[in-house]
Amino acid sequence: MDYNEEILQLLHIYESPKKICLVFEHFEGENLAKIIDDVGRLTEDECRDVMRRLLNVLHFLHSRKVIHRDLKPASIYLSKRNRIKVTDFGLATLVGAKDSRKKCGFPGFIAPEVLRGEFYDTKIDIFSAGAILYNW
């Protein structure tokens, strides 16, 4: 499987002097934060399936030296058939980039090395994935 399919695709950018509009592919589903608010906790089997898919997407990104840096339930969309789409790459960076020390992310899902202002790498996304699973 091409895990690029599980990343919400940016289709077009429209710019004007006052606005920037981003057009993304259509995906029928809800973000995980909303699902958890509406339904409550997912079953163990659902969690396992979503985490497997999320970790495969992270492997795809990390093999290309991309750090997401802002993983949280609201940046993972889930369809009724448990397909996922990872979104919200506004804070993403490359491994070794000058900003690989920037404090960023969503409270509750930020790795300790980010909070300490240390240089970090792809491991911070794995920490965030674990924090997401723990909060289910």
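Index from 1, following the sequence.
For E6 and R83, the salt-bridge test fails: no basic side-chain N is under 4.0 Å from an acidic carboxylate O.
For the salt bridge (charged side-chain N to carboxylate O under 4.0 Å, His left out) test, no residue two or more places apart in sequence or in another chain qualifies with E28. Not counting sequence neighbours, the partners of H12 by the side-chain contact (heavy atoms from CB on, under 4.5 Å) test are Y14, V23. With sequence neighbours left out, the salt bridge (charged side-chain N to carboxylate O under 4.0 Å, His left out) criterion links K85 to E25. Remark: D70 engages K72 in a side-chain hydrogen bond (donor to acceptor under 3.5 Å, both in side chains) (not counting sequence neighbours). Contacts of K102 classified as side-chain hydrogen bond (donor to acceptor under 3.5 Å, both in side chains), with partners at least two apart in sequence or in another chain: none. For R48, the salt bridge (charged side-chain N to carboxylate O under 4.0 Å, His left out) partners at least two apart in sequence or on another chain are E44, D45. Not a single salt bridge (charged side-chain N to carboxylate O under 4.0 Å, His left out) links E46 to another residue, sequence neighbours left out. F89 meets the ring pair (Phe, Tyr, Trp, His ring centres under 6.0 Å) test with H68; sequence neighbours excluded.
V66 and L71 fall within a single hydrophobic cluster, where Ile, Leu, Val, Met, Phe, Trp and Tyr are joined by side-chain heavy atoms under 4.5 Å apart, directly or via other members. The hydrophobic clustering, which links ILVMFWY residues whose side-chain heavy atoms are closer than 4.5 Å, places F127 and I132 apart. Transitive grouping of hydrophobic side chains (ILVMFWY, heavy atoms separated by less than 4.5 Å) brings L42 and I84 into a common cluster.
Here CG of L78 is found 8.5 Å from CG of D49. Values are rounded to the nearest 0.5 Å. Between K123 atom NZ and I67 atom CD1 the span is 10.0 Å, to the nearest 0.5 Å. Between atom OG of residue S128 and atom CG of residue L54 there is a gap of 9.5 Å, rounded to the nearest 0.5 Å. In this structure, the separation between OG1 on T122 and CG on L61 is 10.0 Å, given to the nearest 0.5 Å. One distance of note links NE2 of H59 with CD1 of I126; it measures 10.0 Å at 0.5 Å rounding. We find the CD-NZ distance between E15 and K19 to be 14.0 Å, quoted to the nearest 0.5 Å.
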Check residues 33-40 and write down every donor-acceptor pair under 3.5 Å in which the side-chain atom is one partner and the other belongs to a residue at least two apart or another chain.
| residue | atom | partner | partner atom | Å |
| --- | --- | --- | --- | --- |
| K34 | NZ | D38 | OD2 | 2.7 |

All N/O donor-acceptor pairs, side-chain side in residues 91-99, below 3.5 Å, sequence neighbours left out:
| residue | atom | partner | partner atom | Å |
| --- | --- | --- | --- | --- |
| T93 | OG1 | D99 | OD1 | 2.6 |
| D99 | OD2 | R69 | NH2 | 3.1 |

Throw together a table of side-chain donor-acceptor distances under 3.5 angstrom for residues 105-114, partners on residues two or more places apart or in other chains.
none

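Here the side chains of I76 and T87 are not in contact, with every heavy-atom distance at 4.5 Å or above. L133 is not listed as a side-chain neighbour of V50, based on a closest heavy-atom distance of 4.5 Å or more.
Summarising the hydrophobic clusters (Ile, Leu, Val, Met, Phe, Trp, Tyr; side-chain heavy atoms under 4.5 Å, direct or chained), the residues clustered with I20 are L8, L10, I13, L22, F24, F27, Y77.
Nearest approach of N31 to A74, heavy atoms of both residues: CB-O, 3.6 Å.
Put simply, the side chain of R101 never gets that close to the backbone of F119: no donor and acceptor are under 3.5 Å apart.
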